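Naming: A, B, ... by sequence-line order, numbering from 1 per chain. Bear in mind that the values here come from a model prediction, so they are computed numbers and not experimental data. Because only heavy atoms are used, hydrogens play no part in the values below, and waters and symmetry mates are left out as well, while side chains stay in.
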2 protein chains.
Amino acid sequence: MTTNPQGGPFDPQPDDLGAPEVVVQRLPLYVRMLSQFEQQSVEVVSSEQLGQQLQMTPAQIRKDLSYFGRFGKQGRGYNVRRLSAELRRILGLDTSWNAAIIGMGRLGRAVAAYPGFARERFRIVAAFDADPAVIGARVGDLPVRPMEELAGAVQSLDIKIGIVTVPAQQAQVVIDMLVAAGVRAVLNYAPYSPQVPEDVKVRAIDPVLALQSMTYYLKG
Amino acid sequence: MTTNPQGGPFDPQPDDLGAPEVVVQRLPLYVRMLSQFEQQSVEVVSSEQLGQQLQMTPAQIRKDLSYFGRFGKQGRGYNVRRLSAELRRILGLDTSWNAAIIGMGRLGRAVAAYPGFARERFRIVAAFDADPAVIGARVGDLPVRPMEELAGAVQSLDIKIGIVTVPAQQAQVVIDMLVAAGVRAVLNYAPYSPQVPEDVKVRAIDPVLALQSMTYYLKG
DNA sequence: GTTTGTGAAGGATTTCACAGCA
DNA sequence: TGCTGTGAAATCCTTCACAAAC
């Protein structure tokens, strides 16, 4: 459905916009692995070593990286620091990103409290809920705001990401509001497949779907 | 890396074990969508309608289903009830599955409290942690057990799934213990790519990775 | 008329294999 | 010698398009 032409030889100048989406989705994995090597004070890694750790072929790693530039040295491998920095820049992880979280029930509060976002420079700068009983309460150090304030907050707080933690029944309306407000990236915790325009990216977090696709193999 | 031959024409009798993994991963999505139609008392759906809701092509849905059997009627579509039941059976969702959760910190307690698992017949029947300060405490109605009891509990409680909510540093050892105990399906919340034998399935839940692969497109 | 199920075609992704460089 | 970067080959996955069924 999403058109993702492989694209021929590319302009190395701007980080290749024709890179397949699967490849882009693997880059954060590389970044994470490189951080780990960095922590262990490893200075240089080969695609072989990366592949071993990540359980993928060295060829795939090299091919993936080649969409964006030439980061290695023949006979040696990749400088961990440099490759990490390059990939972060390519992914846009050299800045921080503001996010809003919508749905301040049990799940929303747990997600809002997760320290992993801030650690990677994703900042939750606003919290919303439709329930008057919750509005005004504090979650961490954020006040829970009414949905009416969403569009305004997206503008004034430079919110680029919506984190949706409402029940499935409300997910579509909430995502529609986010999209209408100009948000083009949604992290969707609701067990629901929303319909969005094709320039909006949605990533689903659904542990139940993950489990349900493993039982097939357990059954055997 | 994982060998997944497409397989030629198949034996319709046993639910095709040669179905590509991507296809298996989409089946739960269909199941969820069908439940939604069922709730709205829809009796029959076409691949067109399913595709519209899920934002995928009707052809893909038909092809996916065709790996497992012939569930539709030409000119009419699919009986919602029947297709839902068939897919659940194929995925092994006609029984309940027991899981253990390892790591009873903030994240582990939040995951254990999530009602979505039980709703889909995944039962968390044991909780573990390495920290003596936590062992013995109750989480929901489960006592937190020491890691030494893991292998025994997997056997005696028929645990087929491990849910890993420990910090990244401990993820590999914990997963090794699960695998050694005979667990072949792991839901991994730790921001770490574990190494497992190829007959063990791992699904990662990592909201940070999900966000990091969207910023690439926001940057543009 | 409508919609499935499916070979065949078309695309996309992965892997191979090796020239070229350190 | 060791490892990258990359065309070409192989594989895998999706879409097309239509005969068959209702």
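- With rounding to whole Å, B:Lys63 atom NZ is found 11 Å from C:dA9 atom C1'.
- Counting heavy atoms from C-beta outward, B:Arg203 and B:Gln25 have side chains that approach closer than 4.5 Å.
- In this structure, A:Arg70 reaches the sugar-phosphate backbone alone: every heavy-atom distance under 4.0 Å involves primed, P, OP1 or OP2 atoms, never a base.
- Checked against B:Ile175 for a side chain to side chain contact (heavy atoms under 4.5 Å, CB included), the options B:Val186, B:Val202, B:Val200 give a single hit: B:Val186.
- Taking 4.0 angstrom as the limit, A:Gln74 places none of its side-chain polar atoms (N or O) nearer than this to OP1 or OP2 of C:dG20.
- Sequence order on DNA chain D of the closest nucleotides to A:Asp64 and A:Gly75 puts A:Gly75 first from the 5' end.
- Both A:Lys73 and A:Ala59 lie near DNA chain C, and the one whose nearest nucleotide falls closer to the 5' end is A:Ala59.
- The phosphate of D:dT4 has OP1 or OP2 within less than 4.0 Å of a side-chain N or O from A:Ser47.
- Between A:Gln25 atom CD and C:dT14 atom P the separation is 11 Å, expressed in whole Å.
- Phosphate proximity of D:dT14 to B:Tyr67: absent, as no side-chain N or O sits under 4.0 Å from OP1 or OP2.
- Residue-level contact check: A:Arg76 touches the backbone only, with heavy atoms under 4.0 Å from sugar-phosphate atoms and none from bases.
- Rounded to an integer number of Å, the gap from CZ of B:Arg82 to C1' of C:dT4 is 12 Å.
- Within the structure, salt bridge (Lys or Arg N to Asp or Glu O under 4.0 Å) pairs that include any residue of residues 74-91 of chain B comprise B:Asp15-B:Arg89, B:Glu38-B:Arg81, B:Arg82-B:Glu86, B:Glu86-B:Arg89, B:Arg88-B:Glu120 (at least two apart or interchain).
- Take the nearest nucleotide of DNA chain C for B:Phe71 and for A:Gln60: the residue whose nucleotide is more 5' is B:Phe71.
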